[in-house]
J.: 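Dropping a structure here in structure tokens format, bear with me for questions.
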Amino acid sequence: MEEQRKIKIDVVVPPYSGHLFPILELIKPLINDEKYDLCVYSGVKRQEFLGKLGLKHVPVLPDKPTFFEDIANTPEKTNAFIYWKQFKRNISQVPEIAREFEEGFKKRKPDVVIADFIAIPAGLIAKKMDIPWITSIPTPFAIESKTTTPSYMGGWYPREGFLYKLRDSFGRFVIRSFKRIVCVLASKQLKVLDFKLYNENKEENLYSPQSILALGMKELEFRDDYPKQVIWAGPCLSEFDVKDYTLEDISKFKKSILVTNGTHLLWGKNNLVRIVEELSSKFPDVCFIVSLGNINGKGKPVIKSRDNVHIYEYIDYGAVLPVVDYVIHHGGAGILYNAIKYNKPSVIIPHDYDQFDFAVRGKIADIGIPAKLKDINSIENALRELLNRKEWNNLKKVSEKYREYNPSEVLKSEIDRLMKEKVNR
């Protein structure tokens, strides 16, 4: 009997935790499945980690091992100038990255390419080479809105009325104009990809026209104008390398709270500790367990800056969330969905990027209470409301809904569909 050929899947994802880990969780059931042959394209620094998972790895920009980390880990809050510097550094490498992907795909001959939503060159090279392409996106609202309230405008809430429709229309115009300006400025680098910003349906060519897996929950979304190829696959929360922690004794406190602003946002770490220490004096019966998100410090001993402030360099969410009562976080996709998974009410303090839009959705879905980073009174009031509130009925419902999603099964189904469609063309 002839041995069945394995399905070759090439996965392209930046090395950032918020991008890499969701995709790894998505493909996790495929890693040891004899039906599939997987290869991951990512940053040099992830090579050892991916190897331990049994995954083939192609390093992107191997001669620039810290390129991706240097761009993401800004020492201060992002602003127009920092965005511009990030853009220039990113775009300068597009021709080289595109060449690496094209060479890699020619060598591997993948049946399907899975590309993270910011790994745009990978998808466009796959399209050029007529390889079926799936976009994975843990922040679905990043997809440009056509008729609804736009994202990336600092956290706009959907509202009824003529003035708000005008506001939304203006916001969509601003976003489209910004993207067009970026494409003009980057026209020389993008030429190698034969890139056009919009297709005939006025939808972005940044994402796959065949399949977009939204790694989020429809229950949190107020928009209804997504492209038809968007499938709500569900959150992918990493459970790789979760270790048991011997937490400092928290039983003497009435309540305990995990406090985190993720693995990036270096500029916000010291401020986070300062905020917590200020809160700790006003809530002495609450234990604040702070994770600074420094994965290189994993396993280092706790620092007790105060009796009720326990600071860890890094704690896996899956290890600490089952034992705490609440969460204070920045509105990143990973911690927001982990709080949902473990049914933990939150104070959401957005810092940057898409976090303001996650905070809006958290408020509308009634799973958390937003607060303003620069307003300690706002944070204190939100925390007081969190501690005093007895019931979170909608959070419980959303948490139950979370368990109904099966992202990996959706992925397998999409792989099969795309391969059949290519054969039948």
Side-chain angles (χ1 to χ4, degrees), residues 3-62 65-69 97 100-101 103-119 122-123 126 131-138 211 213 215 233-244 263 295-296 298-299 314-319 334 337-338 341 405-416 418-419:
E3 185 178 352
Q4 186 177 6
R5 186 181 73 85
K6 290 187 177 183
I7 299 172
K8 289 187 176 181
I9 310 293
D10 280 12
V11 182
V12 184
V13 58
Y16 315 131
S17 297
H19 295 258
L20 178 65
F21 291 151
I23 277 195
L24 290 179
E25 198 64 32
L26 179 67
I27 66 171
K28 188 175 182 180
L30 282 63
I31 294 175
N32 297 315
D33 190 327
E34 291 298 320
K35 181 179 177 181
Y36 302 98
D37 175 3
L38 298 172
C39 181
V40 178
Y41 295 67
S42 192
V44 177
K45 287 193 166 186
R46 294 296 189 176
Q47 189 158 6
E48 182 180 355
F49 173 69
L50 292 169
K52 288 179 179 178
L53 297 178
L55 286 164
K56 297 175 185 175
H57 177 239
V58 175
V60 181
L61 298 177
T66 64
F67 174 79
F68 297 101
E69 290 79 6
I97 290 172
E100 290 182 14
F101 290 153
E103 289 180 356
F105 295 166
K106 283 180 180 177
K107 183 178 180 180
R108 278 264 305 166
K109 295 181 173 58
D111 297 293
V112 176
V113 168
I114 303 170
D116 179 82
F117 75 109
I118 67 170
I131 303 170
W133 161 33
I134 298 172
T135 295
S136 72
I137 181 165
S211 178
L213 298 190
L215 306 184
C236 290
L237 304 179
S238 174
E239 294 182 358
F240 292 98
D241 198 28
V242 175
K243 61 175 285 186
D244 292 327
T263 54
I295 196 165
N296 294 322
K298 193 172 183 175
Y314 185 91
I315 298 182
D316 294 297
Y317 295 150
Y337 280 116
N338 265 289
K341 175 181 177 180
Y405 286 95
N406 193 331
S408 299
E409 288 304 311
V410 175
L411 173 64
K412 290 179 182 179
S413 176
E414 283 297 278
I415 290 170
D416 291 343
L418 293 177
M419 290 186 63

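These numbers come from a predicted model, not from an experiment. The basis for the numbers below is simple: all heavy atoms, side chains too, and nothing from hydrogens, waters or symmetry mates.
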J.: May I ask you to test the Leu215-Ile137 pair for a side-chain heavy-atom distance under 4.5 Å?
T.: no
J.: Between Lys35 and Ile7, is there a side-chain heavy-atom distance shorter than 4.5 Å?
T.: yes
J.: Got His57 and Cys39 here, is their nearest side-chain heavy-atom distance under 4.5 Å?
T.: no
J.: Below 4.0 angstrom, N of the basic side chain to O of the carboxylate: do Glu103 and Lys107 qualify?
T.: no
J.: Might you work through the side chain to side chain contact (heavy atoms under 4.5 Å, CB included) test for Val40 and Lys56, ending with a clear yes or no?
T.: CA-CA 6 Å; Val40 178; Lys56 297 175 185 175; over 6 Å; no
J.: For Pro59 and Pro62, work out which heavy atoms get closest and say how close.
T.: O-CD, 3.7 Å
J.: Is there a side chain to side chain contact (heavy atoms under 4.5 Å, CB included) between Val12 and Val58 once you walk through the steps?
T.: CA-CA 9 Å; Val12 184; Val58 175; over 6 Å; no
J.: Nearest 0.5 Å, what's the NZ-CD1 distance between Lys412 and Ile27?
T.: 12.0 Å
J.: In a table with atom names and distances, give each donor-acceptor pair under 3.5 Å that connects a side chain of residues 108-116 to protein atoms at least two apart or in another chain.
T.:
{"from": "Arg108", "atom 1": "NE", "to": "Asp10", "atom 2": "OD1", "distance (Å)": "2.8"}
{"from": "Arg108", "atom 1": "NH1", "to": "Asp37", "atom 2": "OD1", "distance (Å)": "3.1"}
{"from": "Arg108", "atom 1": "NH1", "to": "Asp37", "atom 2": "OD2", "distance (Å)": "3.2"}
{"from": "Arg108", "atom 1": "NH2", "to": "Ile9", "atom 2": "O", "distance (Å)": "3.4"}
{"from": "Arg108", "atom 1": "NH2", "to": "Asp10", "atom 2": "OD1", "distance (Å)": "2.8"}
{"from": "Arg108", "atom 1": "NH2", "to": "Asp37", "atom 2": "O", "distance (Å)": "3.1"}
{"from": "Lys109", "atom 1": "NZ", "to": "Lys106", "atom 2": "O", "distance (Å)": "3.1"}
{"from": "Asp111", "atom 1": "OD1", "to": "Arg5", "atom 2": "NH2", "distance (Å)": "2.8"}
{"from": "Asp111", "atom 1": "OD2", "to": "Arg5", "atom 2": "NH1", "distance (Å)": "3.2"}
{"from": "Asp111", "atom 1": "OD2", "to": "Arg5", "atom 2": "NH2", "distance (Å)": "3.3"}
{"from": "Asp111", "atom 1": "OD2", "to": "Lys8", "atom 2": "N", "distance (Å)": "2.7"}
{"from": "Asp116", "atom 1": "OD1", "to": "His19", "atom 2": "ND1", "distance (Å)": "3.2"}
{"from": "Asp116", "atom 1": "OD2", "to": "His19", "atom 2": "ND1", "distance (Å)": "2.9"}
{"from": "Asp116", "atom 1": "OD2", "to": "Ile118", "atom 2": "N", "distance (Å)": "3.1"}

J.: Testing the basics here: between Ser17 and Pro22, what is the closest heavy-atom pair and its distance to 0.1 Å?
T.: O-CD, 3.4 Å
J.: According to ring-ring contact (aromatic ring centres under 6.0 Å, His included), who are the partners of Tyr41, at least two apart in sequence or on a separate chain?
T.: Phe101, Phe105
J.: Over all heavy atoms of both residues, which pair between Trp133 and Gly123 is shortest? Give the atoms and the distance, please.
T.: CE2-CA, 3.1 Å
J.: Quick one, Ile23 with Cys236, criterion side chain to side chain contact (heavy atoms under 4.5 Å, CB included). Give me CA distance, side-chain angles, the key distance, then yes/no.
T.: CA-CA 7 Å; Ile23 277 195; Cys236 290; over 6 Å; no
J.: For Glu414, give me all partners under side-chain hydrogen bond (donor to acceptor under 3.5 Å, both in side chains), at least two apart in sequence or on another chain.
T.: Ser211, Arg417
J.: Evaluate the side-chain proximity of Gln47 to Pro15: yes if any heavy-atom separation is below 4.5 Å, no if none is.
T.: no
J.: Check Lys28 with Asp33, please: is the shortest side-chain N to carboxylate O separation under 4.0 Å?
T.: no
J.: Please examine the side chains of Glu25 and Pro235, heavy atoms only from C-beta on, and report whether any two atoms are closer than 4.5 Å.
T.: no
J.: Would you say Leu213 and Pro407 make side-chain contact, with heavy atoms under 4.5 Å?
T.: no
J.: Is there side-chain contact between Ile31 and Leu55, with heavy atoms separated by less than 4.5 Å?
T.: yes
J.: Just verifying a value: how many Å separate Tyr36 OH and Ile415 CD1, rounded to the nearest 0.5 Å?
T.: 5.0 Å
J.: Step through it carefully: locate the ring centre of Phe21, locate the ring centre of Phe49, and say whether they are under 6.0 Å apart.
T.: yes
J.: Answer yes or no: is there a side-chain heavy-atom contact under 4.5 Å between Leu24 and Leu50?
T.: yes
